[in-house]
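In what follows, a structure is listed as structure tokens, so that the remarks can point back to it.
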Amino acid sequence: MYLQSLYVENVGPLEKLSLNTQFTSEGKPAPLIFVGKNGSGKTNLLSMVADAFFEAASAHYRDVVPNMVMQQRDWFRIVGGVTVMSGRQFNCTLMRFSEGEDDYFYIDKAGTLNIGDISERVPADLRKCLSWNPDQIVKKFDLKSEISKKIFESGVYVFFPSNRSDPPSWLNKNSLPSDLFDIGVTYQGRLDKPIYAQTGLDKIKQWILSVMLDSRADYDIHEVKLNEEMSHLSFTITGGLDHRQKKVMDSINLILQLILNDLSAKFVWQNRILQQGLAISKDHLRTLIPVESLSSGQSTLLVIFATLLKYADKATGGFPMPDTIKGICIIDEIDAHIHTDLQYEILPKLFKFFPNVQFILSSHSPLFILGMTHLYGENDIEIIELPTGVPIVAESYSEFLQAFEVMQLTKKYENCFIEHVKLGSNPIVFTEGETDVMYLKTAIELLGASDLVGKVEIQSIGARDEVSGQIVNSGKNPLSAVQNLLIAKPQITNRKVILFYDNDVRNCSHGDYGNIHVRIMPSNNANTEIQYGIENILPAHVFEDRFYQVKEYNKGNGDKGTSKHLKKMELCKFLCEQKKDKADFIGFEHVLSIIREVIGITS
């Protein structure tokens, strides 16, 4: 089951919001990420989707919420009261989910609301579910018991709230009894997969131990007839590994390796005599550490993604493979307690590990948004800013620029940079981005600047990400950090270094500091299409519609429109690798003249 569309009106800080979820060209659900300031409605919105899970599961299962007696039960999310936007007389939430070819609808409505007063505002695909009395409190998800059973048996549906946590490793739990394995009996009519997952490391450890045990011995099952009416099953251990269960264990270990960024890491059983239980092996058993020694961020990620495997365990007959698991996973404040390295590099890889799970997330982290964009591409994720509901791309995420203002070069990158500028003797030009380099090198070729060929090195600032292949840590701030580093440590290199900023740089001007030369790209006032960035040097006619990504937005209050974002790399590759028209690069003559002047070449 996947979420297809939703409409929200007067819920908390959300006045009106309407959206359709996205799917890739292969039909896989695109991650949906909500961003915005505190109080913008992110948690409110995620809890509504989670509430739909509770209503859907309650159609069949008896253990979804406490106090379920016959048809009477508590609701996960209250209706009305504090959930209604201040000063409004009603609120309403509508959602459409799909399972196969069938659609199912969730309704949550409080206050006085006539259907005729809202029907024109509601998207067409949700109007068929409008059915209530004007003054009636409504919360329903019309699912038959057998459909609910099928959905939750075959998929994973879980909500990880922002206050998720596990007891810290320093907590004394001697007074708390625990089982080595989870030996609880599964009863008919019980889901046994909590939708609201606030803690879970102990349960995950028990499940991992069970998988580990199952993977160590293969067996055959035979039916033995005692008489014409009675028989029993006989289990015979055949020796060797159960390779089907081993694949599950391999998936668990791969999640661990991603989290620790260590391909040697794996789970092992440490010692039954010392009662030290499940441990993590590193360096091929040379290092053993307890699971409890994981940081809170690492532990959180292990619980989240191992839970997806654990919940799919029953649904797949005991052999869950990450790429076959389907369902919806909601995570509020995915970046909470997570180090920046995990946010940028590891989290996107973990989501990619489960391509058929629909992830619905909230985040405050620009680095996480950037990491997702690098791995998925802008077209295969959806970023929605609340409370407006406008789709955005990573570069327009308001906190993204703020984060880059305070980013500095890491020691590792600084060392690599220093080693690079020490090598060679030719002058070196550093630009803000990768496309800058491509444009300059093509300009040298097409404009016949043979005097610069082999005489100058041109590079963008930053480093290439091993996963996406894109340049990261690029832009004005990293270039400024390099400037500060070279001016503070002039002994690093004897080479002439030109730091070329784009024309929209602020608080910067031309300057010469020994061998370090700061320059700013000239502006092309004739280009009224693009005023800033290296693309401004190009003629206006090259910016065809096909080089823009267009996204539609609907705020739900009648405001509709489109946002356009230039696909800079696609345009650059077309002009530099396919079209290669000298006329498009005439504006770069001025840039090449600046380089010649600094390095002492007369054209």
Original post:
Do R506 and K476 have side chains that get closer than 4.5 Å, going by heavy atoms?
Top reply: no

**OP:** Go through the steps for H517 and E597 under the test side chain to side chain contact (heavy atoms under 4.5 Å, CB included), then give the verdict.
**Re:** CA-CA 11 Å; H517 307 273; E597 178 187 355; over 6 Å; no

Original post:
Has the side chain of N253 got a donor or acceptor atom that lies under 3.5 Å from a matching backbone atom of F267?
Top reply: yes

Original post:
Is the NZ or CZ atom of K564 both under 6.0 Å from the centre of the six-membered ring of Y548 and within 45° of that ring's axis?
Top reply: yes

**OP:** Assert yes or no for the condition that the ring centre distance of Y376 to F351 is strictly below 6.0 Å.
**Re:** no

Subject >> Pairs touching residues 490-499 that satisfy side chain to side chain donor-acceptor pair (under 3.5 Å), sequence neighbours left out >> reply: E457-R495

Subject >> Donor-acceptor pair, side chain of E432 and main chain of D502, under 3.5 angstrom >> reply: yes

Subject >> Over 12 non-hydrogen atoms of neighbours within 6.0 angstrom of NZ in K579 >> reply: yes

Original post:
Got a sec: does the NZ of K568 have more than 12 other heavy atoms crowding it under 6.0 Å?
Top reply: no

**OP:** Kindly write out the residues that satisfy ring-ring contact (aromatic ring centres under 6.0 Å, His included) with Y532, not counting sequence neighbours, or none if the list is empty.
**Re:** none

Original post:
Would a 4.5 Å heavy-atom cut-off, applied to side chains only, mark I280 and L294 as touching?
Top reply: yes

Original post:
Mind checking whether C329 and L308 have side chains closer than 4.5 Å, heavy atoms only?
Top reply: yes

Original post:
Does the side chain of Y439 come within less than 4.5 Å of V591's, by heavy atoms?
Top reply: no

Original post:
Do you see a donor-acceptor pair shorter than 3.5 Å between the side chains of T24 and D380?
Top reply: no

Original post:
Could you give the distance from CD (E385) to NZ (K42), rounded to the nearest 0.5 Å?
Top reply: 10.0 Å

Original post:
Pairs in or reaching into residues 512-528: which pass salt bridge (Lys or Arg N to Asp or Glu O under 4.0 Å), with residues at least two apart or in two chains?
Top reply: D512-R519

Original post:
With a 4.5 Å heavy-atom cut-off, do N536 and S523 have their side chains touching?
Top reply: yes

Original post:
For the residue pair F359 and F354, does the interplanar ring angle fall in the parallel (under 30°), tilted (30 to 60°) or perpendicular (over 60°) class?
Top reply: perpendicular

Subject >> D451 side chain near K455 side chain, heavy-atom distance below 4.5 Å >> reply: no

Subject >> Salt-bridge present (E445, K580; N to O < 4.0 Å) >> reply: yes

Subject >> Salt-bridge contact K28-E26 (side-chain N to carboxylate O under 4.0 Å) >> reply: no

Original post:
If we only count heavy atoms from C-beta on, is the I33 to L361 side-chain gap below 4.5 Å?
Top reply: yes

Original post:
Does NZ belonging to K567 count more than 12 external heavy atoms closer than 6.0 Å?
Top reply: yes

Subject >> Beyond-backbone contact of E535 with F547, side-chain heavy atoms, under 4.5 angstrom >> reply: no

